[in-house]
Amino acid sequence: MLNCFVCMPTVFVLNGPNLNLLGTREPEVYGRTTLADVQQLCQTRCAAAGLQLVFRQSNHEGDLVDSIHEAIALQQQGALAGLVINAGAYTHTSVALHDALKALAAYKIELHISNTFAREAFRHHSYLSPAVDAVMAGLGVAGYGLAIDAIAQRAA
Ligand code: CA2
């Protein structure tokens, strides 16, 4: 799968709108861990598995599409282990993210901190789910580490 023998395969972890507020508001839904803490958790998990981490957050749909295009370029060089995406509210609205994920031929995980199915009806539909390999919801921020572990296992 990986052509790159000297460099470490990369995991992309993408975060969508308002996730920069993690840990500062709505702790009853999202907990008290900040996004910087989540990045550290992902960094530790990737280092343990010999993977390189690209961790990003954006409030702009096009930025997230651009990041997926970067992942596609890396995949084409054989240097991508997988991608984790918490697209926030764009999960429930974005055909653009669906199309971009469809174009990425790598192991892809859609992640939600909360159990979206136990919340408002408008959070029950995801445009991303048909375009990814796996969906995780309701595991809190621990889900990020578990998603990286799943990617690492597949890449090994
Ligand atoms: O549960 C998740 O991870 C979500 O993707 C989070 C999104 C929400 O729109 C999805 O339905 C489910 C919202 C992210 C906003 O994050 C905040 C965190 C703290 C305070 C305010 C917003």
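Everything quoted here is computed from the prediction, not taken from an experiment. Ligands are counted one by one from 1 in listed order, and the atoms in each one are counted from 1 as well.
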Min N/O separation [X] to ligand 1 under 3.5 Å:
X	result
Asn86	yes
His92	yes
Ser114	yes

Looking at Glu120, I'd like to know if its CD atom is crowded, meaning that more than 12 non-hydrogen atoms belonging to other residues, nucleotides or ligands lie closer than 6.0 Å.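 More than 12 within 6.0 Å, yes.
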
More than 12 non-hydrogen atoms from neighbouring residues, nucleotides or ligands closer than 6.0 Å to CZ on Arg119, yes or no?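 More than 12 heavy atoms, drawn from other residues, nucleotides or ligands, come within 6.0 Å of this atom.
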
Provide the number and element of each atom of ligand 1 under 4.0 Å from a heavy atom of [X].
X	value
Glu26	21 (C)
Ala89	9 (O)
Leu21	19 (C), 20 (C)

Shortest non-hydrogen separation from Ser58 to Asp63 and the atoms involved: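 Closest approach of Ser58 to Asp63, heavy atoms only: OG-OD2, 2.9 Å.
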
Among all protein non-hydrogen atoms, which one is nearest to [atom], and what is the separation to 0.1 Å?
atom	value
atom 4 (C) of ligand 1	His112 ND1, 3.7 Å
atom 8 (C) of ligand 1	Arg123 NH1, 3.3 Å
atom 2 (C) of ligand 1	Ile113 N, 3.3 Å
atom 17 (C) of ligand 1	Asn18 O, 3.6 Å
atom 18 (C) of ligand 1	Tyr30 CD1, 3.5 Å
atom 7 (C) of ligand 1	Gly88 CA, 3.6 Å

Look only at the side chain of [X] and the backbone of [Y], and say whether a donor-acceptor pair between them is shorter than 3.5 Å.
X	Y	value
Asp133	Ile109	no
Thr91	Gly88	yes
Asn86	His112	no
His125	His92	no

Should Leu83 and Leu101 count as side-chain neighbours, where that means a heavy-atom distance under 4.5 Å?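 A side-chain contact exists here, since the closest heavy-atom pair is under 4.5 Å.
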
For a quick check under 3.5 Å, do Asn15 and Tyr144 share a side-chain donor-acceptor pair by atom type?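 On atom types as modelled, these side chains qualify, holding a pair under 3.5 Å.
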
Backbone, side chain, both or neither: what part of Arg25 comes under 4.0 angstrom of ligand 1, heavy atoms only?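 Both backbone and side chain of Arg25 come within 4.0 Å of ligand 1.
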
Thr91 to ligand 1, any heavy atom closer than 4.0 Å: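 The answer is no, since Thr91 has no heavy atom less than 4.0 Å from ligand 1.
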
